[in-house]
*Asks:* 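First the structure, which I've put down as structure tokens, then a few questions once you've had a look.
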There are 2 protein chains.
Amino acid sequence: MNNRVDESPLPDQGHDDSAAASELRMATFRLARRLRAQRAIDTMSDGQFAVLAALTVHGAHTLGQLADRERVSAPSMNRTVTLLENAGYISRTPDETDRRRVTIDLTDYGRRIVDETVRRRDAFVEEALAELTPEERETLARAATIMRKVADR
Amino acid sequence: MNNRVDESPLPDQGHDDSAAASELRMATFRLARRLRAQRAIDTMSDGQFAVLAALTVHGAHTLGQLADRERVSAPSMNRTVTLLENAGYISRTPDETDRRRVTIDLTDYGRRIVDETVRRRDAFVEEALAELTPEERETLARAATIMRKVADR
DNA sequence: TATTGTTATACTCTATAACTATA
DNA sequence: TATAGTTATAGAGTATAACAATA
């Protein structure tokens with residue numbers, strides 16, 4: 001497992017702002033942990049899936065581009081890429097114009113795994129949303145936008 | 001780093017429900033990742049801090065209780081506990097009535113580290129919240145409650 | 001000479017299996 | 001015999017340093 005800091009203690013003397021901040025932080029960790037548990041292939045780590053997702057969203061990458069995007073060292077990414085290649089999820093092809101580079105892209109099988117994982121993760125959230133009131137769903141939809149803004153600031 | 005699945009691809013033909021689910025999932029991962037980066041002591045892992053937080057919230061534990069709570073094997077938890085003990089954050093004391101057991105609890109120093117870490121994590125959220133409109137803050141406060149409900153269902 | 005990818009090596013976190021002490 | 005904790009060992013993920021091939 002990767003991260004389980006979802007029971008963080010509250011600050012001692014929480015005035016309103018700090019209480020709100022703690023609540024949001026704890027709720028975020030707890031939900032993230034729950035969502036992360038919904039993986040299509042339990043033997044694939046978050047880091048491995050993140051590479052497949054990056055290739056899906058942003059297309060083919062070189063090794064260095066993947067390492068930069070995932071903020072990981074080149075040797076570490078090389079190892080992950082080798083594992084994904086051996087599992088048949090991605091392909092490595094030498095670059096024609098600059099032969100130091102290799103192009104890394106999804107295989108059809110890798111694409112299928114990504115779809116399956118996304119569908120399963122979304123299925124959990126969709127079912128949960130379906131049990132809420134329309135007002136609650138609206139609140140979460142607005143909150144999602146604000147959360148991204150906060151995370152990216 | 002632990003988890004970086006914050007760029008998950010959207011489902012192919014997102015109708016409204018599935019789009020809302022994807023947005024919430026992505027926003028949650030992204031914010032969790034950002035918050036996780038705010039650690040007081042960069043050499044302490046999430047797993048180690050989670051143990052300190054559990055002891056703060058729920059009091060002293062035996063090794064097995066900690067392993068169960070964090071959903072980790074006993075040997076793995078034993079290793080984490082040994083590291084935390086060597087760092088001076090926790091104490092191990094043999095149980096008087098059942099001498100197979102050991103009681104694990106925070107030291108004063110460990111308590112201080114928890115407070116510091118919580119304060120730093122909350123500081124980031126508080127600063128971010130301060131830049132929002134009152135309506136946005138209200139939305140996030142309501143969302144936090146709903147998110148916990150979704151995570152715990 | 002600089003850049004891209006890879007290999008060598010080492011450290012952390014995780015697990016299962018085996019062991020010790022106690023119930 | 002069963003249980004709680006620990007030790008032994010191994011695999012995955014991470015990093016830095018050193019190397020090979022290419023620009």
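Per chain, numbering begins at 1; letters A, B, ... match sequence-line order. Note that these values count all heavy atoms, side chains included, but never hydrogens, waters or copies made by symmetry. Here the structure is a predicted model, which is why all the values come from computation and not from measurement.
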*Asks:* Taking only side-chain nitrogens and oxygens of A/Ser73, does any of them come within less than 4.0 Å of OP1 or OP2 of D/dA17?
*Replies:*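 Negative; the distance criterion is not met.
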*Asks:* Whole angstrom is fine here: how far is it from CZ in A/Arg71 over to P in D/dT14?
*Replies:*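 Between P of D/dT14 and CZ of A/Arg71: 14 Å.
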*Asks:* Who are the salt bridge (Lys or Arg N to Asp or Glu O under 4.0 Å) partners of A/Arg79, not counting sequence neighbours?
*Replies:*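 None.
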*Asks:* Do B/Thr117 and B/Val114 have side-chain heavy atoms sitting under 4.5 Å apart?
*Replies:*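 No; the side chains remain at least 4.5 Å from each other.
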*Asks:* Measuring from the side chain of B/Gln48 (C-beta onward, heavy atoms only), which nucleotide among C/dC13, D/dT22, C/dT14 has the closest atom?
*Replies:*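 Output: C/dC13.
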*Asks:* Grab the CE-P distance between B/Met44 and C/dC13 for me, whole Å please.
*Replies:*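 Value for this atom pair: 11 Å.
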*Asks:* List for me each residue that meets side-chain contact (heavy atoms from CB on, under 4.5 Å) alongside B/Thr133, sequence neighbours excluded, and say none if there are none.
*Replies:*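 Scan of B/Thr133 (side-chain contact (heavy atoms from CB on, under 4.5 Å), adjacent residues dropped) gives B/Glu135, B/Glu136.
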*Asks:* A/Met77 has an atom CE; how far is it from atom P of D/dT14, in whole Å?
*Replies:*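 For the pair A/Met77 CE and D/dT14 P, the rounded distance is 8 Å.
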*Asks:* What contact category does A/Arg79 fall into here, base, sugar-phosphate, or nothing, at under 4.0 angstrom with non-hydrogen atoms?
*Replies:*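 Base contact.
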*Asks:* Roughly how many Å is it from CD in A/Glu96 to P in D/dA23, rounded to a whole number?
*Replies:*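 Going from CD in A/Glu96 over to P in D/dA23 covers 11 Å.
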*Asks:* With sequence neighbours excluded, what pairs up with A/Asp108 under the salt bridge (Lys or Arg N to Asp or Glu O under 4.0 Å) test?
*Replies:*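 Once residues adjacent in sequence are excluded, A/Asp108 has no partner under the salt bridge (Lys or Arg N to Asp or Glu O under 4.0 Å) criterion.
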*Asks:* Looking only at the side chain of A/Ser76 (C-beta and beyond, no hydrogens), which of the listed nucleotides D/dA15, D/dG13, C/dA15 gets closest?
*Replies:*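 Minimum distance to the A/Ser76 side chain belongs to D/dA15.
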*Asks:* B/Leu84 has an atom CG; how far is it from atom P of C/dT12, in whole Å?
*Replies:*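 Result: 14 Å.
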*Asks:* I need a per-nucleotide contact map over nucleotides 3-10 of chain C, read 5' to 3'. Cutoff is protein heavy atoms under 4.0 Å; write B for the base, S for backbone only, - otherwise.
*Replies:* BSSBB---
*Asks:* Could you state the atom-to-atom distance from CG of A/Asp95 to P of D/dA21 in whole Å?
*Replies:*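 That distance rounds to 18 Å.
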*Asks:* Find the distance A/Arg99:CZ to D/dA20:P and express it as a whole number of Å.
*Replies:*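 Computing the A/Arg99:CZ to D/dA20:P distance gives 18 Å.
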*Asks:* Within the side chain of A/His61, is there an N or O that forms a donor-acceptor pair under 3.5 Å with the backbone of A/Gly59?
*Replies:*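 At least one qualifying donor-acceptor pair exists.
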*Asks:* Rounding to a whole Å, what distance do you find between B/Leu66:CG and C/dC13:P?
*Replies:*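 Result: 16 Å.
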*Asks:* Please enumerate all residues that pass salt bridge (Lys or Arg N to Asp or Glu O under 4.0 Å) together with B/Arg92, with sequence neighbours excluded.
*Replies:*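 B/Arg92: salt bridge (Lys or Arg N to Asp or Glu O under 4.0 Å) contacts with B/Glu85.
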*Asks:* Using the side-chain contact (heavy atoms from CB on, under 4.5 Å) criterion, which residues pair with A/Ala128? Sequence neighbours excluded.
*Replies:*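 Partners of A/Ala128 by the side-chain contact (heavy atoms from CB on, under 4.5 Å) criterion, ordered by chain and then number, come out as B/Val150, B/Arg153.
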*Asks:* May I ask you to evaluate whether A/Ser45 reaches the phosphate of D/dG13, defined as a side-chain N or O under 4.0 Å from OP1 or OP2?
*Replies:*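 Looking at the OP1 and OP2 atoms of D/dG13, one of them is under 4.0 Å from a side-chain N or O of A/Ser45.
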